[in-house]
Amino acid sequence: MHLRLWAATSAPLFAVHLQPHLTLTPFQVSLECPVAARSPHRDGGRGIRLMNQTARTPQPGAAGQPGMHEAARRDKLRKLVELGYDPWGGRFDNHQPIGQIRQREGEIQRVPAGDVSGQEIEQGPRVRAAGRIFLQRKAGKLVFLDLRDWTGRIQVLIGRRQVGEEYWALAECFDLGDIVGVEGELKHTNTGELTIFAERLVFLTKSLWPHPDKHHGLTDPELRQRLRYLDLLYTEGVWERFRRRTQIVHSIRQTMARNGFVEVEGPTLHAIAGGAAARPFVTHLNALDIDLYLRIALELHLKRLLVGGIERVYELGRVYRNEGISPRHNPEFTMLEAYQAYGDYHTMMDLTEELVCAALEATGQGRQVTWGGAVLDFTPPFARRSYDELFAEHTGVRPDDEHGVRACAERLGLETAGKHTDVIKSEVFEELVEPRLAGPVFVLDYPASICPLTKRKRGRPEVAERFELFVQGMEIANAYTELNDPDLQEELFRTQLAGLKEEDSMARMDHDFVRALRYGMPPAGGLGIGIDRLVMLLTGAQSIREVILFPLLRPE
RNA sequence: GAGGCUGUAGCUCAGUAGGUAGAGCAACGGACUUUUAAUCCGUAGGUCGAGGGUUCGAGUCCCUCCAGCCUCACCA
């Protein structure tokens, strides 16, 4: 379809925008011959055809069916076409971001009016802006628009006498939410507001559906997520938060580059979902008739690259876990994993601090941020506490006191039968210690038996060289001195698999990874950071859904 | 998976004891050439999330279901 259109017309720019399943509306055809489109004869024809389009049932959405509002807007659309304007606009060059236009206020000068009155009038620069109409105040033969783009808002004044009848007729077709271009002089109104005094208007895009309340916007959290585009436009701070997210991600890439790391892209379809203990999503590859899993972690392929001599490597990408949804969990989320040859978990602690501090700086924040009423101080070095020490402190039980640990777990109502003491200890830790870690705090040296990918401490095989960074009870980062002993790795995989329940039996031994280790992986430090949670902390978001543009929702 | 809360006009929200479904904004018609969520006059707009039940009568009470939010559970 695309190719045929491309060949059939000398204006491929328009053809590529057409959806294959859509029939060509008369207007889209006219896009290819804009000069002819101005002819009244053709306009008349379009008017009739567009009437037919009106009869098409609108798609029901979460926002309901705007019904009469759409009809009113389609009337204006038809009028636009009759006047010879393209309701869907086109290229609009040489306009300036509204934020920049506002900065030109200083260029406005006062000059003599040039008449006998001796009064002064303002003379300002000619500016050209494009944006969406957020507010319209009609005052007789004057209209004030609030025009907004992604850099700010500005008022536009359209006067019937000033722009002339043609543009006035165009302005009468404006609805809230339409996208228009304006050109005119930047001056102040009588009340002193910086305003573009329109001289020319360009119609850029019709909005067929009514927009949310100009003052209240959207408040229903479901609508905010399903109609994120409206949320971005109408909810205070949403766009700003996502912009901060991109600043943070960009800053992370810069920090990694500064430290000599190379970014790679590993596979997201895995034959074996490894590197974490989570249930994967299953999918099917028809070509090979095999089931595959969406990756639950980046770890095992990045470590293969360590074997391959890529000494500092990272990936910043999406992972997928088929588990619960909560204010802190989304089925797909963004992880940073980094591996540094010849480092260890202390190396990774320094890197973590550098990453967090640089991200704060990139978002223009100091070392202290408030989150949910708490003040978080990210001034390095972050606190470093050992797992055992924290365990004893918060439970009153010595970590090597097996009976004490079990008794403590039972008091909490935890299931203990048939579980390894370290597993029970870990559950007690999650229950009693983690929620109280206001942080930021590095928790060091975990029980080895719950860390199957981690190197043991020299001379203390029961302790793994691992840290997790906690802030406000949330796990933000997880890092190891990486296990590079292939025999021990294979044994730990086997032990881990033996303990799995039936529903987790999709997990399998990753022989290929163990084979890679047999060729020799350099000693290394490895780090994982949950980017969404980090962004939550650095933007004051209480829910992960506030930092993910399109969080998973049940389909409508 | 369990419990709690929510669902009323395009949006934001009221809705009394179970007795004809309301407001603001938006829309439509009109007035207004310096407005600021403009103002003023007028008009239209509803399967009260869906289905069932109780009742003379249900937005309101009961049941089931759907969706969302929160808490818990699950989650190395």
Side-chain angles (χ1 to χ4, degrees), chain A residues 58 60-73 75-76 134-146 153-163 168 175-177 187-195 197 207-227 230 234-235 275-279 296-297 321-329 331 413-415 419-420 422-427 429-430 446-454 464 466 468 475 478 492 495-496 499-501 503-504 507 542-543 545 551 553-556:
Chain A
Q65 298 187 20
M68 66 168 185
H69 297 90
E70 179 175 357
R73 283 161 181 261
D75 281 345
K76 290 184 189 165
F134 273 72
L135 254 62
Q136 249 191 127
R137 293 179 290 279
K138 298 185 181 180
K141 313 247 171 334
L142 279 186
V143 180
F144 295 90
L145 304 181
D146 271 20
R153 75 159 273 283
I154 195 159
Q155 176 168 273
V156 175
L157 172 58
I158 304 170
R160 183 167 185 171
R161 204 169 57 225
Q162 290 83 343
V163 299
W168 185 253
D175 281 307
L176 294 184
K187 289 192 296 191
H188 295 102
T189 55
N190 289 352
T191 49
E193 171 142 5
L194 189 63
T195 299
F197 284 68
S207 170
L208 290 178
W209 275 17
H211 284 231
D213 185 283
K214 61 191 175 190
H215 189 56
H216 299 97
L218 295 176
T219 60
D220 180 348
E222 181 179 356
L223 279 187
R224 285 190 50 216
Q225 290 159 42
R226 288 197 195 278
L227 311 181
L230 294 183
Y234 290 94
T235 311
R279 201 168 299 179
I296 56 173
R321 295 188 181 177
N322 202 344
E323 292 180 0
I325 299 174
S326 83
R328 289 175 170 70
H329 300 82
L414 298 171
E415 187 61 50
K419 286 183 182 168
H420 189 285
D422 283 348
V423 174
I424 297 169
K425 210 197 283 183
S426 158
E427 287 174 3
F429 192 89
E430 282 172 28
Y446 280 66
S449 53
I450 59 168
C451 308
L453 296 160
T454 312
R466 169 185 184 182
E468 291 191 319
E475 179 194 334
N478 184 10
L492 293 177
T495 315
Q496 189 190 12
L500 286 178
K501 285 175 281 201
E503 69 255 33
D504 295 322
Q542 300 292 304
S543 166
R545 286 183 286 264
L553 289 177
R554 201 178 288 269
E556 291 175 67

Engineer: Looking for any heavy atom pair under 4.0 Å, which part of the strands does A139(A) touch: base, sugar-phosphate only, or nothing?
Structural biologist: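 Base, at least one base atom sits under 4.0 Å.
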Engineer: Suppose you measure atom P in A44(B) against the same atom in U54(B); what distance do you get, rounded to whole Å?
Structural biologist: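 Here A44(B) and U54(B) have their P atoms 37 Å from each other.
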Engineer: Hydrogens and angles aside, do Q542(A) and R328(A) bring a side-chain donor and acceptor to less than 3.5 Å of each other?
Structural biologist: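 No pair is found: no donor N or O on one side chain lies under 3.5 Å from an acceptor on the other.
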Engineer: Which of these nucleotides, U34(B), U71(B), C69(B), is closest to any side-chain atom of P327(A)?
Structural biologist: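 Closest nucleotide among those given: U71(B).
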Engineer: Which atom pair, heavy atoms only, marks the closest approach of L145(A) to Q136(A)?
Structural biologist: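 Minimum heavy-atom separation between L145(A) and Q136(A): CD2-CG, 3.2 Å.
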Engineer: Provide the distance between the two C1' atoms, one in G51(B) and one in A9(B), to the nearest whole Å.
Structural biologist: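 Here G51(B) and A9(B) have their C1' atoms 23 Å from each other.
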Engineer: Applying a 4.0 Å non-hydrogen cut-off, can you work out what P452(A) is touching in the nucleic acid: base, sugar-phosphate, or nothing?
Structural biologist: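 Since a base atom lies under 4.0 Å of P452(A), the category is base.
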Engineer: In terms of side-chain heavy atoms of R160(A), which of U33(B), C28(B), C75(B) is nearest?
Structural biologist: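 Within the option list, the nearest is U33(B).
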Engineer: Quick one: D146(A) CG to A38(B) C1', roughly how many Å, whole number?
Structural biologist: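 The distance from CG of D146(A) to C1' of A38(B) comes to 11 Å, rounded to the nearest Å.
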Engineer: Touch check for Q162(A), heavy atoms < 4.0 angstrom, all strands: base, sugar-phosphate only, or nothing?
Structural biologist: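 Base contact - Q162(A) has a heavy atom under 4.0 Å of at least one base atom.
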Engineer: From the set U35(B), C70(B), G10(B), return the single nucleotide nearest to any side-chain atom of P210(A).
Structural biologist: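 Closest nucleotide among those given: G10(B).
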Engineer: Taking atom C1' in both G15(B) and C28(B), what distance in whole Å separates the two?
Structural biologist: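 My reading of the C1' atoms in G15(B) and C28(B) gives 27 Å.
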Engineer: Using the salt bridge (charged side-chain N to carboxylate O under 4.0 Å, His left out) rule, take R137(A) and D146(A) through it: C-alpha gap first, then chi angles, then the decisive distance, then the call.
Structural biologist: CA-CA 9 Å; R137(A) 293 179 290 279; D146(A) 271 20; 3.2 Å; yes
Engineer: If the P atom of G68(B) is compared with that of G46(B), how far apart are they to the nearest Å?
Structural biologist: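 So the two P atoms sit 27 Å from each other.
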Engineer: Going by purine N1 to pyrimidine N3 plus the second Watson-Crick contact, or the G-U wobble pair, all under 3.5 Å, which nucleotide sits opposite U35(B)?
Structural biologist: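 Answer to the pairing question: none, since U35(B) forms no Watson-Crick or G-U pair.
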Engineer: Rounded to whole angstrom units, what separation is found between the CZ atom of R328(A) and the P atom of C74(B)?
Structural biologist: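 Atom-to-atom, R328(A) to C74(B), this comes out as 16 Å.
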Engineer: Measure the distance from CG on L553(A) to P on G68(B) and round it to the nearest whole Å.
Structural biologist: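 Interatomic distance, CG of L553(A) to P of G68(B): 6 Å.
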Engineer: Could you check whether K425(A) gets within reach of a base, just the sugar-phosphate, or nothing at all, counting any heavy atom under 4.0 Å?
Structural biologist: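 Nothing, no heavy atom under 4.0 Å.
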Engineer: Which is more 5' along RNA chain B, the nucleotide nearest R153(A) or the one nearest H211(A)? Just name the residue.
Structural biologist: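 Final value for this comparison: H211(A).
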Engineer: Using the six-membered ring wherever Trp is involved, compare the ring planes of H211(A) and Y234(A) and label them parallel, tilted or perpendicular (cut-offs 30° and 60°).
Structural biologist: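 Geometry flag for Y234(A) against H211(A): perpendicular rings.
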Engineer: Report yes if a side-chain nitrogen or oxygen of K214(A) is closer than 4.0 Å to either non-bridging phosphate oxygen (OP1 or OP2) of A38(B); otherwise report no.
Structural biologist: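 True: K214(A) side-chain N/O within range (under 4.0 Å) of A38(B) OP1/OP2.
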Engineer: CG/D175(A) to NZ/K76(A) distance, rounded to the nearest 0.5 angstrom?
Structural biologist: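 Interatomic distance, D175(A) CG to K76(A) NZ, rounded to 0.5 Å: 3.5 Å.
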Engineer: Provide the distance between the two C1' atoms, one in A17(B) and one in U60(B), to the nearest whole Å.
Structural biologist: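 Their C1' atoms lie roughly 10 Å apart.
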Engineer: Using a 4.0 Å heavy-atom cut-off across all strands, classify Q155(A) as base, sugar-phosphate, or nothing.
Structural biologist: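 If one applies the 4.0 Å heavy-atom cut-off, Q155(A) turns out to touch a base.
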Engineer: E323(A) side chain: which of C11(B), C75(B), U35(B) is closest?
Structural biologist: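 Looking only at side-chain atoms, E323(A) lies closest to C75(B).
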Engineer: Go through the N and O atoms of the side chain of D213(A) and the base of G24(B), and report whether any donor-acceptor pair is under 3.5 Å.
Structural biologist: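 Per atom types, the contact qualifies.
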Engineer: Suppose we define a pair by two distances each less than 3.5 Å, Watson-Crick or G-U wobble; what does G1(B) pair with here?
Structural biologist: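 Checking every strand shown, G1(B) finds its partner in C72(B), with both distances under 3.5 Å.
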Engineer: Looking at every non-hydrogen atom in both residues, tell me the closest pair between Q225(A) and P551(A) and how far apart they are.
Structural biologist: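 Residues Q225(A) and P551(A), closest heavy atoms: OE1-CG, 3.8 Å.
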Engineer: Answer with yes or no whether T189(A) presents, from its side chain, a donor or acceptor under 3.5 Å of a partner atom in the base of U35(B).
Structural biologist: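 Checked by distance alone, the answer is yes.
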Engineer: Is A14(B) paired to anything, Watson-Crick or G-U wobble with both distances less than 3.5 Å, and if yes, which nucleotide?
Structural biologist: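 None - no nucleotide pairs with A14(B), as no candidate has both distances under 3.5 Å.
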Engineer: Starting from P on C5(B), measure out to CG on D220(A) and report it in whole angstrom.
Structural biologist: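 Roughly 18 Å, once rounded to whole Å.
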Engineer: Would you measure the distance from the P atom in U33(B) across to the matching atom in C69(B) and give it in whole Å?
Structural biologist: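 Result for the P pair: 49 Å, nearest Å.
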Engineer: Spell out yes or no: do the side chain of E193(A) and the base of U34(B) have one donor N/O and one acceptor N/O closer than 3.5 Å?
Structural biologist: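 Checked by distance alone, the answer is no.
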Engineer: For E70(A) and C11(B), what is the distance between atoms CD and P respectively, to the nearest whole Å?
Structural biologist: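 Value for this atom pair: 14 Å.
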Engineer: Suppose you measure atom C1' in U47(B) against the same atom in U12(B); what distance do you get, rounded to whole Å?
Structural biologist: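 Result for the C1' pair: 22 Å, nearest Å.
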Engineer: Can you find a side chain N or O atom of R321(A) that sits less than 4.0 Å from OP1 or OP2 on C75(B)?
Structural biologist: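 Checking R321(A) against C75(B): no side-chain N or O falls below 4.0 Å of OP1 or OP2.
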Engineer: If the cut-off is 4.0 Å, is K76(A) near the phosphate of C28(B), judged by side-chain N/O to OP1 or OP2?
Structural biologist: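 Yes, because at least one side-chain N or O of K76(A) sits under 4.0 Å from OP1 or OP2 of C28(B).
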Engineer: Do R466(A) and E475(A) meet the salt-bridge criterion of a basic N to acidic O distance under 4.0 Å?
Structural biologist: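 Between R466(A) and E475(A) there is no salt bridge, as every charged N stays at least 4.0 Å from the carboxylate O atoms.
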Engineer: Separation of H69(A) atom NE2 from G45(B) atom P, in whole Å?
Structural biologist: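 Taking NE2 of H69(A) and P of G45(B), I get 12 Å after rounding.
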Engineer: Side chain of T219(A) only, heavy atoms from C-beta on: which candidate in C13(B), A67(B), C69(B) is closest?
Structural biologist: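 Of the candidates, C13(B) comes closest.
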Engineer: Using Watson-Crick or G-U wobble geometry with both distances below 3.5 Å, tell me the partner of A58(B), or none.
Structural biologist: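 Per the H-bond distance test, none.
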Engineer: Report which part of the nucleic acid R161(A) touches: base, sugar-phosphate, or nothing (heavy-atom distance under 4.0 Å, all strands).
Structural biologist: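 Base, at least one base heavy atom under 4.0 Å.
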Engineer: Can you tell me how far CZ of R279(A) sits from CD of E323(A), rounded to the nearest 0.5 angstrom?
Structural biologist: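 Answer rounded to 0.5 Å: 7.0 Å.
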Engineer: Round to a whole Å and report the spacing from CD of Q225(A) to C1' of A67(B).
Structural biologist: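 Interatomic distance, CD of Q225(A) to C1' of A67(B): 12 Å.
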Engineer: Between L142(A) and L135(A), which is nearer to the 5' end of RNA chain B once each is assigned its nearest nucleotide?
Structural biologist: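 In this pair, the answer is L142(A).
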Engineer: Strictly by Watson-Crick or wobble contacts shorter than 3.5 Å, is anything paired with U43(B), and which nucleotide is it?
Structural biologist: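 Result: A27(B).
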Engineer: Tell me: CD1 of I325(A) to P of C69(B), nearest whole Å?
Structural biologist: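 One finds 8 Å between P of C69(B) and CD1 of I325(A), rounded.
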Engineer: My understanding is that a pair needs two contacts under 3.5 Å, Watson-Crick or G-U wobble. By that rule, which nucleotide pairs with U20(B)?
Structural biologist: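 Pairing partner: none.
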Engineer: Tell me which nucleotide among U34(B), G68(B), A26(B) gets nearest to the side chain of L176(A).
Structural biologist: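 Closest nucleotide to the L176(A) side chain: A26(B).
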Engineer: How long is the gap from NE2 on H216(A) to OG1 on T235(A), to the nearest 0.5 Å?
Structural biologist: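 Here the interatomic distance stands at 12.5 Å.
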Engineer: When you compare G19(B) with A31(B), how far apart are their P atoms, in angstrom units rounded to a whole number?
Structural biologist: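 Each nucleotide's P atom is 43 Å from the other's.
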Engineer: Return the nucleotide paired to A67(B): Watson-Crick means purine N1 to pyrimidine N3 with N6-O4 or O6-N4, wobble means G-U with N1-O2 and O6-N3, both under 3.5 Å.
Structural biologist: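 Pair assignment: A67(B) / U6(B).
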Engineer: For a quick check of understanding: with a heavy-atom distance under 4.0 Å over all strands, which category does R137(A) fall into, base, sugar-phosphate or nothing?
Structural biologist: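 Counting heavy atoms under 4.0 Å across all strands, the contact made by R137(A) includes a base.
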